[in-house]
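The chains referred to below are lettered A, B, ... by the order of the sequence lines, with proteins before strands, and numbering in each begins at 1. Everything quoted here is computed from the prediction, not taken from an experiment.
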Number of protein chains: 2
Amino acid sequence: MRKEHNLTKNQKIIFDLIDKSPQPLKAYSILYNVQKKGIKAPLQVYRALDKLVEIGKIHKIESRNAFIACHNSSCQVAKATAFSICEICEKVTEISSAGLSKYLANFKDKDGMKYSKYNLEFFGLCKKCTLK
Amino acid sequence: MRKEHNLTKNQKIIFDLIDKSPQPLKAYSILYNVQKKGIKAPLQVYRALDKLVEIGKIHKIESRNAFIACHNSSCQVAKATAFSICEICEKVTEISSAGLSKYLANFKDKDGMKYSKYNLEFFGLCKKCTLK
DNA sequence: AATTTAATTGTTATAATATAACACTATGTA
DNA sequence: TACATAGTGTTATATTATAACAATTAAATT
């Protein structure tokens, strides 16, 4: 069972914004959107983002420097993430495939390195953009 | 057969530096290192980096904003990359596993999105750091 | 060889992303 | 209450990356 995290005011404001967004949001776009709620400085945003990532409520899309809410019950510790990214419309979808998770969780390289975490980003065209 | 790319002067200087480095290099650290060779501005570095990434001579480690030379004959088109990253010493190793490549190249998500590319980053502790 | 086309270069300026440092406040727990 | 931990607000600054434009070089075509 996962510990329930009680979000603080700033964390809540920022999480709600990201959670409502259909696409990943960038830190400064978040900042502009929450300035009316009293969050004035980048650091306030980044601190909330860091915490939200740490507890697995959001994920960072590394190739885009953007943040998306977690919609996958199996990655709530923020340690095993996979996304598909459309290179035209920039739509990002979190992949939840038991097969993929299992494969990657059990993957061992030649050096026998012990992995505690991974992040996978697939790039391609989404259905809509393929048809265009 | 892969097209041979003849690197230009700047591209050569920057590739050689990255290729010799045991760890990934960041753009501005590259800049400082090549200023004596006449490369004075960030853009000169970024342009060479972009090209080198495009032709698959180097890869970007997205989670670190750093660049590493490709040492894997199977990813020279820069479309299928996997790395292991030690969270203590920051050592990065390119993973070349036929099984992994195959698995990911054939992976299909529920939406049937067609992938042309992927990037996978594993995090954990390398052997040395595990023993400490 | 001359022409033209695309790629690369050099440069200045600036945008976008992210963190350091410090004083203060709230929250949970002993 | 007292203590520890986490979060806040703030200013300043570090780090990463791109825009715009003119000049140059390399390669492909005539």
S.K.: Any Lys/Arg nitrogen of Glu87(A) or Lys117(B) sitting under 4.0 Å from an Asp/Glu carboxylate oxygen of the other?
M.R.: yes
S.K.: Atom CG of Leu7(A) to atom C1' of dG7(D): distance rounded to whole Å?
M.R.: 12 Å
S.K.: Can you find a heavy atom in the side chain of Lys12(A) that is under 4.5 Å from one in the side chain of Lys9(A)?
M.R.: no
S.K.: Rounded to the nearest Å, what distance is computed from the CZ atom of residue Arg64(B) to the P atom of nucleotide dT15(D)?
M.R.: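 Checked: the CZ to P distance equals 17 Å.
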S.K.: Roughly, in whole Å, what's the span from OH in Tyr46(A) to P in dT11(D)?
M.R.: 18 Å
S.K.: How many Å lie between NZ on Lys9(B) and P on dT25(D), as a whole number?
M.R.: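 Taking NZ of Lys9(B) and P of dT25(D), I get 10 Å after rounding.
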S.K.: Answer yes or no: side-chain N or O of Tyr28(A) and base N or O of dA18(C) forming a donor-acceptor pair under 3.5 Å.
M.R.: yes
S.K.: Rounding to an integer number of Å, can you tell me how far Leu31(A) CG sits from dT11(D) P?
M.R.: 14 Å
S.K.: Regarding Leu43(B), tell me which of base, sugar-phosphate or nothing describes its non-hydrogen contacts under 4.0 Å with the strands shown.
M.R.: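 The answer is base, as Leu43(B) lies within the cut-off (heavy atoms under 4.0 Å) of a base atom.
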S.K.: Does any part of the side chain of Tyr103(A), heavy atoms only, come nearer than 4.5 Å to the side chain of Leu104(B), both counted from C-beta?
M.R.: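 Side chain of Leu104(B) against side chain of Tyr103(A), heavy atoms only: no contact under 4.5 Å found.
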S.K.: Reckon Thr8(A) has a side-chain N or O less than 4.0 Å from the OP1 or OP2 of dT27(C)?
M.R.: no
S.K.: Can you see if the side chain of Gln44(A) gets near the phosphate of dG9(D) - specifically, an N or O under 4.0 Å from OP1 or OP2?
M.R.: yes
S.K.: Would you please confirm or rule out a distance under 4.0 Å between OP1 or OP2 of dG28(C) and any side-chain N or O of Asn6(A)?
M.R.: no
S.K.: Between dG7(D), dT12(C), dT16(D), which one does the side chain of Ala41(B) approach most closely?
M.R.: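 Closest nucleotide among those given: dT12(C).
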S.K.: Whole angstroms only, please: what is the CZ-C1' distance between Arg47(B) and dA22(D)?
M.R.: 12 Å
S.K.: Parallel, tilted or perpendicular, judged at 30° and 60°: which one describes the rings of Phe122(A) and Tyr118(B)?
M.R.: perpendicular
S.K.: Using a 4.5 Å cut-off on heavy atoms from C-beta on, say whether the side chain of Ser63(B) contacts that of Phe123(B).
M.R.: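 Yes; the side chains approach each other to less than 4.5 Å.
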S.K.: dA17(D) P sits how many Å from Asn65(A) CG, rounded?
M.R.: 8 Å
S.K.: Any side-chain N or O of Lys60(B) under 4.0 Å from OP1/OP2 of dA17(D)?
M.R.: yes
S.K.: What is the distance, to the nearest angstrom, from the CD atom on Glu62(B) to the P atom on dT17(C)?
M.R.: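 Distance check: Glu62(B) CD to dT17(C) P gives 13 Å.
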S.K.: Which listed nucleotide (dT16(D), dA17(D), dT8(C)) is nearest to the side chain of Lys26(B)?
M.R.: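 Shortest atom-to-atom distance from the side chain points to dT16(D).
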